[in-house]
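Inspection log for the structure reproduced underneath, given as structure tokens.
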Amino acid sequence: MSAIAFIGLGHMGLPMAANLVKAGHAVAAFDLSAAARATAAEAGVPLAESGAEAARGADVVVTMLPKGAHVLAAYRELLPAASPDALFIDSSTIDIADARAAHAAATGAGRRFADAPVSGGVPGATAGTLTFMVGADEAVFKSAEPVLAAMGRRVVHCGGPGAGQAAKICNNMILGVSMIAVSEAFALGERLGLEYQALFDVAANASGQCWALTANCPAPGPVPASPANRDYAPGFATALMAKDLGLAASAARASGLDARLGLAAADIYDDFNADGGAGLDFSAIFTRIRERHV
Ligand code: NAD
């Protein structure tokens with residue numbers, strides 16, 4: 001059992017913190033939002049008065065915050081409050097440069113650090129079946145692993161600091177591009193007179209098979225659990241996909257890679273995000289694509 005400070009009790013953080021409590025850890029949690037704190041209290045997650053109070057005496061400090069700027073700002077308060085050998089785990093999805101800056105701030109203050117972003121969304125966070133992608137030195141990974149295992153099913157060591165964020169944005173670049181590809185195929189099939197179900201029955205059993213098709217099909221009908229069958233309620237919101245593709249696009253540019261489809265996907269999701277799609281599941285891009293004419 002560890003003493004764990006958990007900072008950020010939003011859509012993902014609250015169920016993750018609840019799973020740490022369930023696993024028997026001594027959790028002290030904090031969120032800047034009073035509403036998030038009230039929901040956490042109802043869910044039985046013990047609260048602290050501030051981030052610093054949560055971190056005081058903690059063996060492990062987990063952050064689950066929106067962006068890199070939030071993580072770096074929170075670390076200014078959390079790092080000095082934590083005990084000297086505390087392990088800092090950031091599970092937010094943030095820029096690789098920010099993850100490396102967080103690593104530098106933590107190690108500069110004598111603390112250990114792992115970036116450990118997640119895949120699996122709110123359902124995975126609730127069920128404790130997340131996949132963690134971890135960037136850390138080997139010894140730090142070994143100490144983070146048992147804590148992460150209480151919130152997820154798979155914990156993958158991707159390499160040194162920043163490697164977890166790199167794996168996360170590369171995976172989500174595949175997802176964004178493949179969702180657009182599946183949506184264009186269904187829109188084209190429709191114009192060619194194909195039923196959604198017929199195209200699904202072929203592609204799901206052929207070389208077009210992918211998660212965007214078989215688990216999150218953007219066309220309503222073939223996959224009953226898909227957000228397409230409930231007015232595209234997320235799921236994984238377009239705003240988050242746009243954010244992750246933006247991170248992937250800036251990493252591609254910084255590394256000089258001509259990732260044309262990744263950059264195009266970032267533009268397509270940026271436009272949809274700014275034009276009414278932000279709160280919809282990212283598969284709703286299908287509704288926009290099928291309206292398009294050249
Ligand atoms: P969210 O906006 O629901 O929650 C973030 C919480 O952080 C908010 O409650 C906010 O009040 C709090 N916060 C911000 N700054 C703070 C600070 N300094 N101290 C304490 N609390 C602070 O976001 P979310 O959906 O839970 O996502 C969190 C991270 O996980 C993001 O980086 C997101 O990209 C990533 N992620 C989300 C999903 C998903 O499906 N929602 C899936 C995978 C990864």
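Remember, it's a predicted structure, so these values are computed and weren't measured experimentally. Both counts, for ligands and for their atoms, begin at 1 and track the order of listing. Quick note: numbers below take in every heavy atom, side chains included, and nothing from hydrogens, waters or symmetry partners.
Residues Ala55 and Val61 share a closest heavy-atom pair of CB-CG2, 4.3 Å.
Nearest-residue assignment for atom 18 (N) of ligand 1 (options Leu32, Asp31, Leu78; heavy-atom criterion): Leu32.
Residues Phe286 and Tyr196 bring their aromatic ring centres within 6.0 Å. You'll find the ring centres of Phe113 and Phe88 outside the 6.0 Å limit.
Backbone and side-chain nitrogen or oxygen atoms of His11 are examined, and one is located within less than 3.5 angstrom of a nitrogen or oxygen of ligand 1. Checked by distance only, ligand 1 and Ala74 stay at 3.5 Å or farther apart across all their nitrogen or oxygen atoms.
Counting the atoms of ligand 1 from 1 in the order shown, those under 4.0 Å from a heavy atom of Leu65 are 7 (O), 13 (N), 14 (C), 15 (N), 16 (C), 21 (N), 22 (C), 28 (C), 29 (C), 31 (C), 32 (O). The contact set between ligand 1 and Gly121, taken as ligand atoms under 4.0 Å from a residue heavy atom, comprises 40 (O), 42 (C). Taking every heavy atom of Ser33 and a limit of under 4.0 angstrom, the matching atoms of ligand 1 come to 11 (O). Numbered from 1 in the order shown, with element, the atoms of ligand 1 that lie under 4.0 Å from a heavy atom of Ser92 read 32 (O). If you number the atoms of ligand 1 from 1 as listed, the ones under 4.0 Å from a heavy atom of Lys243 come out as 31 (C), 32 (O), 33 (C), 34 (O). Counting the atoms of ligand 1 from 1 in the order shown, those under 4.0 Å from a heavy atom of Ile7 are 19 (N), 20 (C).
Residues Asn172 and Leu245 fail the side-chain proximity criterion, which asks for heavy atoms closer than 4.5 Å. Taking the side chain as every heavy atom from C-beta outward, Leu87 and Asp59 never approach each other to under 4.5 Å. Here the side chains of Ser119 and Met133 are in contact, with some heavy-atom distance below 4.5 Å.
Looking only at protein heavy atoms, the nearest one to atom 4 (O) of ligand 1 is Gly10 CA, 3.2 Å. Thr93 OG1, 3.6 Å is the protein heavy atom nearest to atom 35 (C) of ligand 1. Nearest non-hydrogen protein atom to atom 26 (O) of ligand 1 is Met12 N, 2.9 Å. Among protein heavy atoms, the minimum distance from atom 41 (N) of ligand 1 is reached at Leu240 CD1, 3.3 Å. The protein non-hydrogen atom at the shortest distance from atom 30 (O) of ligand 1 is Met64 CE, 3.1 Å.
Criterion: ILVMFWY side-chain heavy atoms under 4.5 Å apart, direct or through other members. Under it, Leu247 and Val118 are not part of a common hydrophobic cluster.
By the definition of a contact as any protein heavy atom under 4.0 Å away, atom 23 (O) of ligand 1 is not in contact.
The residue Arg37 has no part lying near ligand 1, judged by heavy-atom distances below 4.0 Å. Within the 4.0 Å heavy-atom criterion, neither part of Ile94 lies near ligand 1.
Within 6.0 Å of CD in Glu195 there are 12 or fewer heavy atoms belonging to other residues, nucleotides or ligands.
With respect to Arg260 and Asp258, a salt bridge is recorded, a charged nitrogen being found less than 4.0 Å from a carboxylate O.
Remark: Ile169 CD1 to Lys243 NZ distance equals 11.0 Å, nearest 0.5 Å.
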Checking salt bridge (charged side-chain N to carboxylate O under 4.0 Å, His left out) for the pair Asp275/Arg288: CA distance, chi angles, key distance, verdict? CA-CA 10 Å; Asp275 188 22; Arg288 188 57 49 94; 2.9 Å; yes
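Proximity of Pro66 to ligand 1 is established by a heavy-atom distance of less than 4.0 Å. Within the 4.0 Å heavy-atom cutoff, Lys67 does not count among the residues contacting ligand 1.
Relative orientation of the Tyr269 and Phe282 rings is tilted, given thresholds of 30° and 60° on the angle between their planes.
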